[in-house]
Each structure stands twice: as structure tokens, then as C-alpha cells.
Amino acid sequence: SAMPLVSVNPTTEQEIERHPLHTGREVEHRLDRAASAFEVNRSRSFGERAARLERAADLLEDNAPALGALMTEEMGKPLTQAQAEAEKCAWVCRYYAEHGADFLADRAVETAARKSYVAHEPLGPILAVMPWNFPFWQAFRFGAPTLMAGNVVLLKHAPNVTGCAEAIADLLREAGFADHELQVLRVDEETVGTVLDDQRVRGATLTGSVPAGAAVARQAAAQIKPTVLELGGSDPFIVCADADLEKAASVGCTARMQNNGQSCIAAKRFIVERAVLDDFQERLVENVEALTVGPPTDRETDVGPMARADLRDTVHDQVERAIGAGAVAVAGGHTLERDGFFYAPTVLADVDPGTVAFDEEIFGPVASVIAADDAEHAVALANDTRFGLGGSIFTEDLEKGERMARSLEVGCVFVNEMTKSDPRVPFGGIKDSGYGRELSHHGIRAFVNAKTVWVE
Ligand code: NDP
């Protein structure tokens with residue numbers, strides 16, 4: 001019945017492809033195959049699963065240029081960043097191939113029993129609803145540990161990156177996950193609901209906006225299914241009076257503008273002690289104005305187009321409302337007169353709490369600069385948000401930096417570094433940014449049954 005999924009090249013505005021939605025019969029077929037694929041994967045040894053993940057890592061590395069080109073074509077991220085994304089996916093595959101068996105090994109527990117321990121068993125097919133901003137990384141960040149644990153994946157990707165979704169399924173098949181252990185579902189929101197209700201599906205994860213996460217979690221809860229949510233953020237980037245301003249401005253620029261400004265863990269609110277505000281802001285603007293904006297296929301390009309026209313329009317509307325509320329655009333502040341969904345890298349000065357650029361997530365290349373009286377005030381401002389994903393603090397006093405880090409209401413915090421994901425440390429948020437953790441041993445235990453076995 002419904003409209004096909006359409007991918008549009010955000011640089012040329014030309015349609016790439018129309019992918020028809022799966023029919024109800026096809027969805028049923030895929031659910032059925034997921035259930036039988038689960039029986040296959042759960043009975044494999046850790047060693048067999050690890051060998052497949054290693055093979056997937058090899059394929060990701062060998063094909064990084066082509067996979068990168070596909071990401072760039074569908075959602076516009078600079079090609080260099082897209083290739084790096086494919087390589088990072090290889091890293092997460094190898095990480096779980098190497099450590100997964102340890103993370104899920106039986107854990108002996110001393111009790112009065114002859115023998116007692118915790119076993120970690122897979123749950124079944126897990127639905128993954130994923131966004132377009134890191135079309136490979138988001139899928140592998142979830143998929144690698146999930147397959148290693150013995151579960152299988154139903155991937156409902158964002159419509160504009162359907163080509164990436166199919167490429168991921170193909171790659172895993174080639175790596176030896178041959179029995180439909182990761183299948184793509186080309187479905188609309190209504191069918192996502194039907195899939196969540198299906199008893200063969202045993203859990204769900206969503207990365208995306210707060211309303212999307214709430215909708216999926218509500219429906220999963222009605223069927224008593226576990227969920228992990230990785231939603232938006234409005235991450236603080238605190239610059240203390242004693243910070244290395246040159247480093248803070250350069251790292252801050254990257255942290256805000258990489259991936260064309262479309263990252264949940266991008267630095268969004270630059271909270272700067274008044275004593276260094278003008279100095280830092282000038283340096284930030286210098287860095288932002290030095291960025292090369294252009295076709296993402298050019299190797300020199302730092303910032304390409306946004307992924308969709310409506311996302312660009314939303315960002316521009318937010319910028320206009322911010323200016324209406326007293327902010328000043330000291331760089332950018334407008335769309336670009338050229339083909340493609342480009343938005344000028346922007347710096348908003350004089351942003352106050354209670355206004356749009358402070359309270360809402362701006363999912364595009366727009367930095368907001370906010371004045372703080374002192375370090376304590378900076379922390380209070382940082383926490384004055386419904387989000388709680390990541391945060392950064394720049395200071396030359398590492399003890400103070402760590403103290404401030406401990407008082408931020410976030411899932412991860414970095415002192416003198418930008419917020420980033422790394423397979424070795426947990427990733428996720430608190431408050432409206434979501435719950436549950438991905439990556440590290442936490443991520444691989446998200447969808448397992450920690451089963452107590454007691455032998456008297
Ligand atoms: P969405 O959150 O709407 O989309 C993300 C994924 O969720 C897509 O696969 C989408 O599919 C699906 N989805 C959305 N609503 C539902 C629903 N009710 N039931 C089931 N699945 C659903 O993001 P947008 O692309 O529209 O971006 C809007 C905003 O979301 C951004 O401006 C940003 O603030 C935030 N966002 C955050 C991301 C992050 O990394 N945390 C990534 C992307 C966006 P479909 O399109 O088919 O509905």
C-alpha cells in the first residue's frame with residue numbers, strides 16, 4: 001500500500017533509488033527466518049561467532065573506500081569520515097571477537113550450594129531501529145556484540161540509507177553469517193509496531209530522536225520486552241578560564257562540525273568562563289571559518305550537506321528563533337546558495353538558558369556559546385537541560401577537571417578531549433538521552449539472560 005523508501009543524494013538533490021516496502025508476507029517470512037537463524041547462531045560456539053566477526057572486519061577494511069562512497073552518496077558525510085567509519089566498524093567487530101567470550105563466560109559465585117554460577121544466554125531476534133547519521137557505525141555498534149552473544153538482528157534502518165542497510169546485510173552474509181542472522185526490514189512505522197508485538201522478537205534498541213524512542217519503548221513495554229535507547233543530546237563543552245584555548249577551540253570546532261554537525265554526541269553548548277569568553281569565541285569563529293565547505297566526495301572537504309532538506313530547514317528555523325531570542329550569529333546563520341542541503345557552519349553568540357539554542361538539540365553545524373560566571377556556574381548551566389548524553393571540560397587543572405566531570409549529569413565525560421565512542425568504554429545517556437549502555441562488556445550484556453544456575 002505504502003510509499004517506497006526513497007534515497008536522495010543530499011549533495012545533488014537527485015534521487016538515487018526507490019526501494020519498495022516489504023509486503024506483510026515478506027515481513028512474516030523474515031520474522032520466521034529470524035527465529036530459525038537464532039537457533040543456528042545460539043548453537044554456535046563463541047569461537048565460530050568470533051571467526052565470522054573477524055571476517056566481517058576484514059571485509060569492512062578491504063571495502064572501506066566503496067562502503068564510504070555509499071555512505072557519502074546517501075547521506076552526505078565527507079568521504080574521508082565515511083571511510084574512517086567503515087574502519088571503526090572493523091574495530092568493533094574485532095573487539096567483540098576478541099573479548100566477547102570473556103564477557104559472557106559463566107561467572108562462579110560462592111554460595112552454600114555445591115555449585116552455583118551465572119550463565120549468560122542469548123534472548124532471540126532483536127529489532128534495531130537505526131538512524132542515518134552514522135549508517136554503518138550505529139548498526140555495527142549494536143550488531144557486533146549482539147551477534148557475538150548469539151542473538152540475531154532485524155535491522156529497520158532509516159529510509160534514506162536503505163542502500164547502506166542492504167550493504168551491511170550483504171557484508172555479514174559474505175562473512176559467513178549465512179543464515180539470515182542480520183536481516184533488513186523495509187517497513188514503515190506502523191509495521192514496526194506489528195514487529196514489536198510479534199512474540200518471535202525478544203527486544204528492541206533504537207537510536208534516534210526522543211519521540212521515536214518513546215514510541216518504540218512504549219510498545220515494547222506493553223509486550224514486556226527489554227529496550228535500549230540512545231537518543232539525542234545537547235552536550236556541554238565547558239571551557240574554563242585556565243584552559244588551553246587554542247586546543248579547546250580547535251577540538252571544539254571538530255566536535256561540533258564533524259559529520260556535518262549531525263551527531264548525538266556533538267559539542268552543542270559551549271559554556272565558557274566569562275574571563276576568556278571573547279578570546280575563546282574569536283578562536284572558535286576562526287576555526288569554523290577556516291573549514292572547507294563543499295562536495296563531500298572531495299578529499300579536502302570538511303563540511304558537506306545535511307542529510308535531508310527537512311533537517312536543514314529545521315536547523316535554519318532554530319537558528320532564526322535563537323536570533324529572535326537575542327543570540328547573535330557571529331559566523332554563518334544561513335543556508336548556502338547552491339545545489340544540495342548545505343547549511344553554513346554557524347556560531348551563535350550570547351545564547352541564554354531558556355532559549356531555543358540552549359534548550360533544544362540543534363542537529364546540524366551550529367555552535368552555541370554561553371557565558372558562565374565561574375566553573376561552578378558552568379557545571380550548573382551544563383546540567384540545566386533535559387538531555388544527559390556526553391560532555392567535555394577543558395582546563396589545565398586536571399583535579400578540578402575530574403571534580404567537575406563527576407558532577408556532570410551525563411553518560412560519558414571527557415577532560416581535555418572531545419566526546420567520542422570507543423568499543424572499550426560504555427556508551428549511552430541518562431535523562432531524555434536514553435537508558436541502557438552500548439559497547440564494552442555492558443553493551444554485550446544488554447540483551448542476554450543472566451541466568452542463575454544452582455546445584456545443591
Ligand atoms: P528519527 O528519530 O525520526 O529517526 C530515527 C529512526 O527511527 C529511523 O529509522 C526512523 O524511521 C525511526 N522512527 C521514527 N519514529 C518512529 C516510530 N514512531 N516508530 C518506529 N520507528 C520510528 O530521526 P529523524 O531522522 O527524523 O531526525 C530528527 C531528529 O532526531 C534530529 O534532528 C535529531 O535531533 C534526532 N536524531 C538523533 C540521532 C542520534 O544519533 N541520537 C540520529 C538521528 C536523529 P522512519 O523515518 O521510517 O520513521
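Every number for a ligand or one of its atoms is a count from 1 in the order of the listing.
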Looking just at side-chain N and O atoms, do T191 and D188 make a donor-acceptor pair shorter than 3.5 Å?
yes

With a cut-off of 4.0 Å, which atoms of ligand 1 are near a heavy atom of V129?
6 (C), 7 (O), 9 (O), 12 (C), 21 (N)

Check this for me, if you would: do R200 and E28 make a salt bridge, where the nitrogen-to-carboxylate-oxygen distance has to be below 4.0 angstrom?
yes

Quick one: CE on M75 to CG on N259, what's the gap to the nearest 0.5 Å?
4.5 Å

Can you tell me the protein heavy atom closest to atom 28 (C) of ligand 1 and the distance?
L311 CD2, 4.1 Å

Should the pair D422-K88 be classified as a salt bridge under the 4.0 Å nitrogen-to-oxygen rule?
no

Enumerated ligand 1 atoms positioned under 4.0 Å from heavy atoms of P131:
42 (C), 43 (C)

Closest approach of H316 and G333, non-hydrogen atoms and distance?
CE1-O, 3.5 Å

Quick check on contacts: which atoms of ligand 1 are under 4.0 angstrom from a heavy atom of L231?
41 (N)

Looking only at protein heavy atoms, which one is nearest to atom 13 (N) of ligand 1, and what is the separation?
A212 CB, 3.9 Å

Ion pair check, R94 and E61, cut-off under 4.0 Å:
yes

Counting non-hydrogen protein atoms only, what is the nearest one to atom 46 (O) of ligand 1? Give residue, atom name and distance.
P159 CD, 3.4 Å

Against heavy atoms of N133, which atoms of ligand 1 measure under 4.0 Å?
40 (O), 42 (C)

I'd like to know if the side chain of Q138 pairs up with that of R141 as donor and acceptor (distance under 3.5 Å, no hydrogens or angles considered).
yes

Got the closest protein heavy atom to atom 19 (N) of ligand 1, with its distance?
E189 CG, 3.7 Å

Does NZ or CZ of R269 come closer than 6.0 Å to the centre of the six-membered ring of F358, within 45° of the ring's axis?
yes

Below 4.0 angstrom, counting only protein heavy atoms, does anything approach atom 4 (O) of ligand 1?
no

Can you report which non-hydrogen protein atom sits closest to atom 44 (C) of ligand 1, along with the distance?
F363 CE2, 3.8 Å

Is there a donor-acceptor pair closer than 3.5 Å between any side-chain N or O of R49 and the backbone N or O of M148?
yes

Atoms of ligand 1 under 4.0 Å from any heavy atom of Q138, numbered from 1 in the order shown, are 40 (O)

Numbered in order shown, the ligand 1 atoms found under 4.0 Å of a heavy atom of V216 are 19 (N), 20 (C)

With a 4.0 Å cut-off on heavy atoms, is W132 in contact with ligand 1?
yes

Heavy atom of the protein closest to atom 8 (C) of ligand 1 (residue, atom name, distance):
M130 O, 3.6 Å

Is the shortest distance from a Lys or Arg side-chain nitrogen in E26 or R30 to a carboxylate oxygen in the other one below 4.0 Å?
yes

K420 atom NZ: more than 12 heavy-atom contacts under 6.0 Å:
no

Which option wins on minimum heavy-atom distance to atom 45 (P) of ligand 1: H157, R186, K156?
K156

Answer yes when E360 and R321 have at least one side-chain N-carboxylate O distance shorter than 4.0 Å, and no when they do not.
yes

Heavy-atom contacts with R308 under 4.0 Å: which atoms of ligand 1 show up? List them by number with element.
24 (P), 25 (O), 26 (O)

Any heavy atom of Q219 sitting closer than 4.0 Å to ligand 1?
no

Name the closest protein heavy atom to atom 34 (O) of ligand 1, giving the residue it belongs to and the distance to 0.1 Å.
E361 OE1, 2.8 Å

Give the atoms of ligand 1, by number and element, whose distance to some non-hydrogen atom of A215 is under 4.0 Å.
18 (N)

What protein heavy atom sits nearest atom 30 (O) of ligand 1, and how far off is it?
S209 CB, 3.1 Å

